[in-house]
Student: 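Dumping the structure here so I can ask a few things about it.
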Amino acid sequence: MFDFKRATVVQRILKDKVSIASFEGPVSYVAGCDLTFLNPFKTPTMGIASFVVLKYPEIDVVEKVWVSGKVDIPYVPGFLGFREIPLLLKAYAKLSQRPDVTIVDGHGITHPRGLGVASHFGVVLGIPTIGCAKKPLYGKFEIPGMEKGDFSFIYDDVGEKIGVVLRTKTGVKPVYISPGHLINVESALEIVKNLVVSYKLPEPTRMAHNFLQEVRKHIRAEIKE
DNA sequence: GCGACAG
DNA sequence: ATCTTGTCGC
């Protein structure tokens with residue numbers, strides 16, 4: 001079984017490698033990634049990962065890839081990276097067009113030890129990443145206004161600004177954005193805002209998710225007959 | 001000791 | 001995160 005005690009040590013080491021700085025250079029391609037499981041409650045189980053690369057800021061699809069494989073680490077809050085990163089790396093390796101920034105489904109530094117899946121993934125590859133989660137995990141914040149565009153910042157226990165709660169759609173639950181690696185809160189917020197169209201989730205994340213539903217449907221059809 | 005806890 | 005239809009509200 002997986003040793004979460006040692007995993008904590010690994011997280012503390014990797015956390016020191018996370019770089020938070022304003023994003024420099026042009027952003028021409030942005031990617032979104034996601035994972036789905038045949039049975040998320042069983043371990044091991046089969047997982048499927050996807051990456052969708054979009055032209056920025058046009059939001060035109062450039063490339064979509066997916067891979068499947070065995071996932072043998074269970075989901076435990078605070079250790080999502082160890083469960084999802086192996087497949088994410090496998091999928092990322094199939095990309096022809098490397099993104100300038102990658103949005104990961106989960107938290108970045110808004111994590112108990114400052115190393116959510118987005119930061120973990122970013123450090124492993126040494127690439128810029130942004131965490132975009134659907135539920136809070138760590139940090140203090142005020143509930144933002146109900147209109148699309150309303151937001152409030154997330155702070156850690158020493159008052160450091162580590163993320164932002166953004167209402168991406170009027171009257172709908174907000175998303176939690178934070179730097180993963182090689183970016184800061186302001187740049188992360190700016191990029192995500194430009195990728196939100198008319199749904200709760202930014203397009204890269206949404207498309208990576210929808211693409212997986214399609215793939216999983218086809219895979220299960222093959223397994224039967 | 002108790003509650004909270006991304007996907 | 002998965003399995004699933006209808007239904008209520010803007």
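Order of the sequence lines fixes the chain letters, A, B, ..., with proteins taken first and strands second; residue numbering starts at 1 for each chain. Since this is a predicted model, take the numbers as computed values, not measurements. All values below come from the heavy atoms of this structure, side chains included, with hydrogens, waters and symmetry mates left out.
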Student: Under 4.0 Å between a side-chain nitrogen and a carboxylate oxygen: does that hold for A:Lys193 and A:Glu190?
Tutor: no

Student: According to a strict under-4.0 Å criterion, is A:Arg216 in side-chain N/O contact with OP1 or OP2 of C:dT2?
Tutor: yes

Student: What contact category does A:Val117 fall into here, base, sugar-phosphate, or nothing, at under 4.0 angstrom with non-hydrogen atoms?
Tutor: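 If one applies the 4.0 Å heavy-atom cut-off, A:Val117 turns out to touch a base.
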
Student: Using whole Å, what does the distance between atom C1' of nucleotide C:dT2 and atom CD of A:Gln213 come to?
Tutor: 9 Å

Student: Look at the side-chain heavy atoms of Ile, Leu, Val, Met, Phe, Trp and Tyr, link any pair under 4.5 Å apart, and say whether A:Ile219 and A:Val71 land in one connected group.
Tutor: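 No, it is not one cluster - the side chains of A:Ile219 and A:Val71 are not joined through contacts under 4.5 Å.
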
Student: Report the distance from atom CG of A:Leu137 to atom P of B:dC5, rounded to the nearest whole Å.
Tutor: 9 Å

Student: Once you round it to whole Å, what is the distance between P of C:dA1 and CG of A:Leu212?
Tutor: 11 Å

Student: Under 4.0 Å, heavy atoms only, any strand: does A:Pro136 hit a base, just the sugar-phosphate, or nothing?
Tutor: sugar-phosphate

Student: Measure from NZ or CZ of A:Lys161 to the centre of the six-membered ring of A:Tyr155 and say whether it is under 6.0 Å with the direction within 45° of the ring axis.
Tutor: no

Student: So which nucleotide from B:dA6, B:dG7, C:dT2 ends up closest to the side chain of A:Arg83?
Tutor: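 Shortest atom-to-atom distance from the side chain points to B:dG7.
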
Student: Hey, is A:Tyr75 stacking on B:dG7? Ring centres under 5.5 Å, planes under 30°.
Tutor: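 It does: the two rings, one from A:Tyr75 and one from B:dG7, meet the stacking criterion.
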
Student: Rounded to whole angstroms, how far apart are NZ on A:Lys173 and C1' on C:dG9?
Tutor: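 Interatomic distance, NZ of A:Lys173 to C1' of C:dG9: 16 Å.
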
Student: Should the heavy atoms of other residues, nucleotides or ligands under 6.0 Å from NZ of A:Lys15 be counted, would the total exceed 12?
Tutor: no

Student: For B:dC5, take OP1 and OP2 only and decide whether either is under 4.0 Å from a side-chain N or O of A:Lys135.
Tutor: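 Result: no.
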
Student: Looking across every strand, which nucleic acid part, if any, lies under 4.0 Å from A:Phe79 by heavy atom: base, sugar-phosphate, or nothing?
Tutor: base

Student: Closest to the A:Thr36 side chain: C:dT2, B:dG7, B:dA6?
Tutor: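 Shortest atom-to-atom distance from the side chain points to C:dT2.
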
Student: Round to the nearest Å and state the distance from A:His120 atom NE2 to B:dA6 atom C1'.
Tutor: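 Distance, rounded to whole Å: 15 Å.
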
Student: Whole angstroms only, please: what is the NZ-C1' distance between A:Lys140 and B:dA4?
Tutor: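 For the pair A:Lys140 NZ and B:dA4 C1', the rounded distance is 13 Å.
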
Student: State which residue, out of A:Asn184, A:Ile183, A:Leu182, A:Ile130, fulfils the side-chain contact (heavy atoms from CB on, under 4.5 Å) condition with A:Phe23.
Tutor: A:Ile183

Student: Please classify the nucleic acid contact of A:Gly78 as base, sugar-phosphate, or nothing, using heavy-atom distances under 4.0 Å.
Tutor: base

Student: Please report, rounded to the nearest Å, how far the C1' atom of C:dA1 is from the CD1 atom of A:Ile73.
Tutor: 16 Å

Student: Rounded to whole Å, please give me the gap between CG in A:Asn39 and C1' in B:dG7.
Tutor: 14 Å

Student: Counting the atoms with a prime plus P, OP1 and OP2 as sugar-phosphate, which does A:Tyr176 contact under 4.0 Å by heavy atoms, base, sugar-phosphate, or nothing?
Tutor: nothing

